[in-house]
Protein chains: 2
Amino acid sequence: MRVDVTSVVDDRGTTDVAGHDVLAPDCPSRVVFGRIGERWTMLVILALARAGTLRFTELKTQVGRVTPKVLTETLRALEDDGLISRRAFQDSPPRVEYSLTPLGESLLEPIDAMRAWAERHVPEVLAARERAASA
Amino acid sequence: MRVDVTSVVDDRGTTDVAGHDVLAPDCPSRVVFGRIGERWTMLVILALARAGTLRFTELKTQVGRVTPKVLTETLRALEDDGLISRRAFQDSPPRVEYSLTPLGESLLEPIDAMRAWAERHVPEVLAARERAASA
DNA sequence: ACGTCCGGTATCTTCAACGGAACTTCCCTC
DNA sequence: GAGGGAAGTTCCGTTGAAGATACCGGACGT
């Protein structure tokens, strides 16, 4: 199929029912994995999932050692993707509340699958890493 | 507040049954998300999942425009984590075969959950992105 | 009048990832 | 003896994300 890199593997049903080629660099799953692979997004999403709603500084302390700049970037990106919503009140001092959108909440399911895998298998991964390091 | 990353949020059951704090920077899920967030790992794992076994150059062509150096790095990292196995034969010309370990195969399940989410929801994400871009 | 809180910006620097191209070793074929 | 795989390695350069630090503007308390 079109897309340059393509046709890499037409010979064995590599595209799913929806017509996506999971190996193509522009596959939707790449978009998703790219986003959740970024350093702070998971932490932000999980923090919001727990708290429901958090203000900027609350988020900052919950998430850990993130600098305001990077946190802002992360939040903007997630907002642009429709995963979180930002409501600003013009109180003084300023108040801004972040929370998950329904779309963001729906992402919790696959995230949790990943987390479950991690909890079950990370000991094996760490053991393998240690073996590799000492070798 | 004590800053040590721990005990960030003891006030609301934030640790799961296994005692992991999902928000801690050293949480196992971070390890996993970090790894799969890297640029080529997904592609390698999915290619191997399909083919079963691949040689270096086969992998290289399947995965796309990856340079040998980066592919080697990716493969080494995955091998160190126990997700793929590398068998070298001393034929000539050299032959090396890569395949998923059982651990690597077990990772396919959460990956697929993620992929399923992506396929269902990426249109919404892209729509949100476009709204954000034009605003 | 002064400092504080809040939600950020602005600027600078550092660091790891990624990439390109050439080189290597070993054996084989032409 | 010239060339050609296979599976990398080495050297070098670029880039983009992340971090540190400082600052801002407006209301508020004291």
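Order of the sequence lines sets the chain letters (A, B, ...), proteins ahead of strands, with each chain counted from 1.
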Do the side-chain N or O atoms of A:Arg55 get closer than 4.0 angstrom to the phosphate oxygens (OP1, OP2) of C:dC6?
no
Closest heavy-atom contact between A:Pro123 and A:Ala118?
CD-O, 4.4 Å
Heavy-atom contacts under 4.0 Å between residues 78-86 of chain B and DNA chain D, which residues?
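Heavy-atom cutoff 4.0 Å gives B:Arg86.
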Distance-only, no hydrogens or angles: does the B:Thr53 side chain make a donor-acceptor pair with backbone N or O of B:Glu97 under 3.5 Å?
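Not confirmed, B:Thr53 side chain does not pair with B:Glu97 backbone.
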In whole angstrom, what separates A:Asp91's CG from C:dG7's C1'?
12 Å
Extract all donor-acceptor atom pairs below 3.5 Å that involve side chains of residues 103-111 of chain A and protein atoms in other chains or at least two apart in sequence.
residue  : atom : partner  : partner atom : Å
A:Ser106 : OG   : A:Leu103 : O            : 2.6
A:Ser106 : OG   : B:Trp117 : NE1          : 2.9

Report for the helix from C:dA1-D:dT30 to C:dC30-D:dG1: angle between first-end and last-end helix axes, five pairs each, rounded to 10 degrees.
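It comes to 20° between the two terminal axes.
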For B:Thr72 and D:dG8, is the shortest distance between a side-chain N/O and OP1 or OP2 below 4.0 Å?
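It does not, given that no N or O in the side chain of B:Thr72 lies less than 4.0 Å from OP1 or OP2 of D:dG8.
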May I ask you to evaluate whether B:Arg76 reaches the phosphate of D:dA7, defined as a side-chain N or O under 4.0 Å from OP1 or OP2?
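So the side-chain polar atoms of B:Arg76 never come under 4.0 Å of the phosphate oxygens OP1 or OP2 of D:dA7.
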May I have the distance from A:Leu71 (atom CG) to C:dT9 (atom P), rounded to whole angstrom?
11 Å
Can you name the closest pair of heavy atoms from A:Ala47 and A:Leu59 and give their distance?
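Between these two residues, the closest heavy atoms are CB-CD1, 4.1 Å.
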Give a yes or no on whether B:Glu58 atom CD has more than 12 heavy-atom contacts from other residues, nucleotides or ligands under 6.0 Å away.
yes
Of all heavy-atom pairs linking B:Arg86 and B:Ala88, the shortest is NH1-CB, 3.8 Å
Is any side-chain heavy atom of B:Leu71 less than 4.5 Å from a side-chain heavy atom of B:Trp40?
no
Residues in side chain to side chain contact (heavy atoms under 4.5 Å, CB included) with B:Leu126, at least two apart?
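Applying side chain to side chain contact (heavy atoms under 4.5 Å, CB included) to B:Leu126 gives B:Val122.
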Nucleotide C:dG7, atom P - distance to CD of A:Glu97 in whole Å:
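That distance rounds to 9 Å.
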dist A:Ile84:CD1 -> A:Leu75:CG (nearest 0.5 Å) comes out at 4.5 Å
Over all atoms of both residues, closest heavy-atom pair of A:Ile36 and B:Met114:
CD1-CE, 3.2 Å
Could you check how far CD of B:Glu58 sits from C1' of D:dG8, rounded to whole Å?
16 Å
Verify, without hydrogens or angle tests, whether A:Thr41 (side chain) and A:Arg35 (backbone) share a donor-acceptor contact under 3.5 angstrom.
yes
Could you tell me whether a side-chain N or O of A:Arg87 sits under 3.5 Å from a main-chain N or O of A:Arg95, the two making a donor and an acceptor?
no
Give each protein N/O atom lying under 3.5 Å from an N/O atom of nucleotides 23-29 of chain C, with the pair distance.
residue : atom : partner : partner atom : Å
C:dC27  : O4'  : B:Ser92 : OG           : 2.9

Closest non-hydrogen atom pair, B:Asp80 against A:Ala132
OD1-CB, 3.3 Å
What do the steps show when you test B:Arg129 against A:Val31 for side chain to side chain contact (heavy atoms under 4.5 Å, CB included), and what is the final call?
CA-CA 12 Å; B:Arg129 247 178 226 194; A:Val31 174; 3.5 Å; yes
Rounded distance in Å - CZ (A:Arg95) to P (C:dT4):
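Those two atoms, CZ and P, are 23 Å apart.
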Rounded to the nearest Å, what distance is computed from the CG atom of residue B:Leu59 to the C1' atom of nucleotide D:dA6?
14 Å
Under 3.5 Å, which protein N or O atoms sit close to an N or O of nucleotides 14-20 of chain D? Give each pair with its distance.
residue : atom : partner : partner atom : Å
D:dA18  : O3'  : A:Arg39 : NH1          : 3.3
D:dG19  : OP1  : A:Arg39 : NH1          : 2.7
D:dG19  : OP2  : A:Trp40 : NE1          : 3.1
D:dG19  : O6   : A:Lys69 : NZ           : 2.7

